[in-house]
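Here's the structure, in structure tokens; my notes come after.
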Amino acid sequence: MDKITDLSGTLPARVSLEDVAKEARVSKATVCRALRGTGRISSATREKIKKLAAEMNYRPDPALSALTRYRWGERVRGRARYSLALVRVDPTPSASSQRRQSGVVERASELNFFLEEHVLDSKTSPASMSRILFARGIDGIIFEICGPVFQWDFAWDKFACVTIGFDGEAHRLNSVTSDWFNAVRMVSEKARQPGVERVGYANFYRGNPSMDDRVHAATLLERSRNVKQLGAQPPIFWYPGDHNLTKNVFKSDRDNFFRWFEKHRPDVVIDGNRTAIWWLKDAGLRMPQDVRYASLNSHPELEPGSSGSVHDQKRQARLAVDLLFNLIQINERGLSDLPLRLTTPCSWHEGTTLMLPRKGRLAKKAHQA
């Protein structure tokens with residue numbers, strides 16, 4: 001291979017599409033279609049070109065790709081630079097989902113991307129949807145996953161893919177999600193206030209391992225700190241592994257929660273979701289007078305008074321579009337052995353459920369002890 005020399009030394013020249021085309025004895029257009037997975041090319045030819053490109057260490061030049069897209073866009077006024085799809089998986093109506101959708105739509109519009117939305121539920125075949133999206137010329141897909149999912153039969157190698165929301169272990173996909181580990185740390189530090197001696201955690205367990213295991217690990221770490229600083233602590237209360245909060249949670253697990261609560265009497269409950277706050281209210285307990293409360297997934301628009309960490313779903317959605325853009329530029333498609341995982345920090349919402357008690361109540365509590 002020819003060499004080029006610069007101030008940093010001698011480097012191999014970049015392998016171009018033309019180099020691959022000459023070696024394969026086909027046109028540049030055929031090589032481009034084969035590597036992008038588009039066009040009518042026989043499977044044998046496509047695999048031959050892919051194998052040859054890998055052997056020659058061909059890598060697309062992101063700068064040239066962007067320039068080509070720009071020039072084409074200048075030629076054809078109003079043409080979108082890329083075609084993206086937002087696929088909502090098992091969608092549930094929620095404020096979080098709406099923020100994620102608005103973030104994707106907003107960022108795609110800013111970057112002049114064509115965007116279409118689809119729903120993947122129990123009535124839809126993933127294989128059929130992938131064929132439809134491929135036929136429509138979709139370059140990349142953002143999956144907004146609203147709950148744990150099973151493995152799909154999907155043509156992953158046809159698209160660049162990113163997930164937001166749940167990012168599960170069913171598929172090795174690049175994802176953008178919240179920094180749950182540090183959310184637990186932040187809420188725990190806020191909860192360790194004067195007058196707090198017993199910190200109770202209510203967590204989900206392995207409903208979504210990639211998320212729950214991080215929360216669990218952070219909870220164990222913070223609980224060990226509580227033991228060191230405050231003495232013996234309540235055991236962790238486990239919600240069932242069901243993030244969709246079915247009837248079983250409200251009928252049976254409410255009783256389990258109160259058996260745990262009455263036995264261990266925590267001064268503060270750190271809730272992995274937002275269920276315990278309603279149970280405590282329904283039982284007539286006042287917050288923070290009777291028990292303090294903070295959530296790892298606070299939604300101020302739903303519970304304005306609830307203290308806790310707030311997840312910036314809109315920012316995650318915007319970052320997902322940027323990440324997808326980068327993956328398309330370098331022609332990285334399908335599942336990955338080492339998927340990227342971008343995490344965004346959470347902010348703190350100061351509600352009324354974790355306020356410091358009055359001095360009079362502290363004195364009363366000390367007297368009762």
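Values in this document were obtained by computation on a predicted structure and should not be read as measured data.
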Listed by chain and number, what are the salt bridge (charged side-chain N to carboxylate O under 4.0 Å, His left out) partners of Glu23, not counting sequence neighbours?
-> none
Side chain to side chain contact (heavy atoms under 4.5 Å, CB included) test vs Leu340 passes for just one of Leu173, Val162, Asn174, namely Asn174
Do any N or O atoms from the side chain of Gln233 and from the backbone of Gly231 form a donor-acceptor pair under 3.5 angstrom?
-> yes
Which side-chain N or O atoms in residues 296-304 pair as donor and acceptor under 3.5 Å with protein atoms at least two apart or in another chain?
residue: Ser298; atom: OG; partner: Ser306; partner atom: O; Å: 3.4
residue: His299; atom: ND1; partner: Glu301; partner atom: OE2; Å: 3.3
residue: His299; atom: NE2; partner: Ser96; partner atom: OG; Å: 3.3
residue: His299; atom: NE2; partner: Arg274; partner atom: NH1; Å: 3.4
residue: Glu301; atom: OE2; partner: Arg99; partner atom: NH1; Å: 3.1

Please walk me through it: do Glu350 and Lys190 pass salt bridge (charged side-chain N to carboxylate O under 4.0 Å, His left out)?
-> CA-CA 10 Å; Glu350 186 65 68; Lys190 295 285 187 180; 5.2 Å; no
Is there a donor-acceptor pair closer than 3.5 Å between any side-chain N or O of Asp153 and the backbone N or O of Ala127?
-> no
Is Trp260 reaching over with its side chain to a backbone N or O of Gly200, donor-acceptor style, under 3.5 angstrom?
-> no
Indicate if Val310 and Met287 have the same hydrophobic cluster label, given that clusters are the connected sets of ILVMFWY residues with side-chain heavy-atom separations under 4.5 angstrom.
-> no
Check step by step if side-chain hydrogen bond (donor to acceptor under 3.5 Å, both in side chains) holds for Asp271 and Tyr293.
-> CA-CA 8 Å; Asp271 193 357; Tyr293 174 90; 2.8 Å; yes
N-O pairing of Glu262 and Arg265 below 4.0 Å = yes
Inspect the surroundings of NZ in Lys281 and state if more than 12 heavy atoms from other residues, nucleotides or ligands are less than 6.0 Å away.
-> yes
Between Asp267 and Glu197, is there a donor-acceptor pair closer than 3.5 Å when you use the side chain of the first and the backbone of the second?
-> yes
Report the residues that fulfil side chain to side chain contact (heavy atoms under 4.5 Å, CB included) with Leu220, sequence neighbours left out, ordered by chain and then residue number.
-> His216, Ile236
Single hit among Tyr239, Phe237, Trp238, Trp278 for ring pair (Phe, Tyr, Trp, His ring centres under 6.0 Å) with Phe257 | Phe237
Check for a donor-acceptor pair, side chain of Asn182 on one end and backbone N or O of Asp179 on the other, with a separation under 3.5 Å.
-> no
Looking only at heavy atoms, the pair that brings Ile145 and Trp152 closest together is CD1-CH2, 4.4 Å
Drop me the distance from Lys158's NZ to Ile141's CD1, to the nearest 0.5 angstrom.
-> 12.0 Å
Ala294 and Leu354: which non-hydrogen atoms are nearest, and at how many Å?
-> CB-CD2, 4.2 Å
Ser83 side chain to Ile138 main-chain N or O, any donor-acceptor pair under 3.5 Å?
-> no
Hey, is the main chain of Leu84 close enough, under 3.5 Å, to the side chain of Asp139 for a donor-acceptor pair?
-> no
When rounded to the nearest 0.5 Å, the distance separating CG of Leu285 from CH2 of Trp279 is 13.5 Å
Hey, are Ser188 and Tyr201 close enough side-chain-wise for a donor-acceptor pair under 3.5 Å?
-> yes
Could you go through the side-chain contact (heavy atoms from CB on, under 4.5 Å) check for Lys22 and Glu18 one step at a time?
-> CA-CA 6 Å; Lys22 285 181 179 179; Glu18 187 174 1; 3.7 Å; yes
Salt bridge between Glu222 and Arg185, side-chain N to carboxylate O under 4.0 Å?
-> yes
Short question: side chain of Ser295, backbone of Asn273 - any donor-acceptor pair under 3.5 Å?
-> yes
Short side-chain donor-acceptor distance under 3.5 Å, Arg333 and Asn331 | yes
Determine yes or no for a side-chain-to-main-chain donor-acceptor pair under 3.5 angstrom, with Ser336 supplying the side chain and Leu338 the backbone.
-> yes
Do Ser178 and Gln316 have side-chain N/O donor and acceptor atoms under 3.5 Å apart?
-> yes
Ser43-Arg46 side chain donor-acceptor pair, cut-off 3.5 Å = no
Would Gln193 and Val268 satisfy side-chain contact (heavy atoms from CB on, under 4.5 Å), going step by step from the backbone distance to the final call?
-> CA-CA 10 Å; Gln193 301 178 356; Val268 58; over 6 Å; no
What residues, two or more places apart in sequence or in another chain, satisfy salt bridge (charged side-chain N to carboxylate O under 4.0 Å, His left out) together with Arg286?
-> Asp290
Centroid-centroid distance, Phe143 to Trp156, less than 6.0 Å | yes
Flag yes if Ile132 and Phe159 sit in one hydrophobic cluster, no otherwise; membership is Ile, Leu, Val, Met, Phe, Trp, Tyr, and two members link when side-chain heavy atoms are under 4.5 Å apart.
-> no
Starting from Phe181, walk the hydrophobic network (Ile, Leu, Val, Met, Phe, Trp, Tyr; side-chain heavy atoms closer than 4.5 Å) and list everyone else you reach, by chain and number.
-> Leu221
According to a 4.5 Å side-chain heavy-atom criterion applied to Ile, Leu, Val, Met, Phe, Trp and Tyr, with indirect links allowed, do Ile270 and Val227 form part of one hydrophobic cluster?
-> no
Measure from the side-chain N and O atoms of Thr219 to the backbone N and O of Val215, and report whether any donor-acceptor pair falls under 3.5 Å.
-> yes
In plain terms, say whether Arg107 and Asp322 are close enough for a salt bridge, that is, a side-chain N and a carboxylate O under 4.0 Å apart.
-> yes
Hits for side chain to side chain donor-acceptor pair (under 3.5 Å) against Ser224, two or more places apart or cross-chain, chain-then-number order -> none
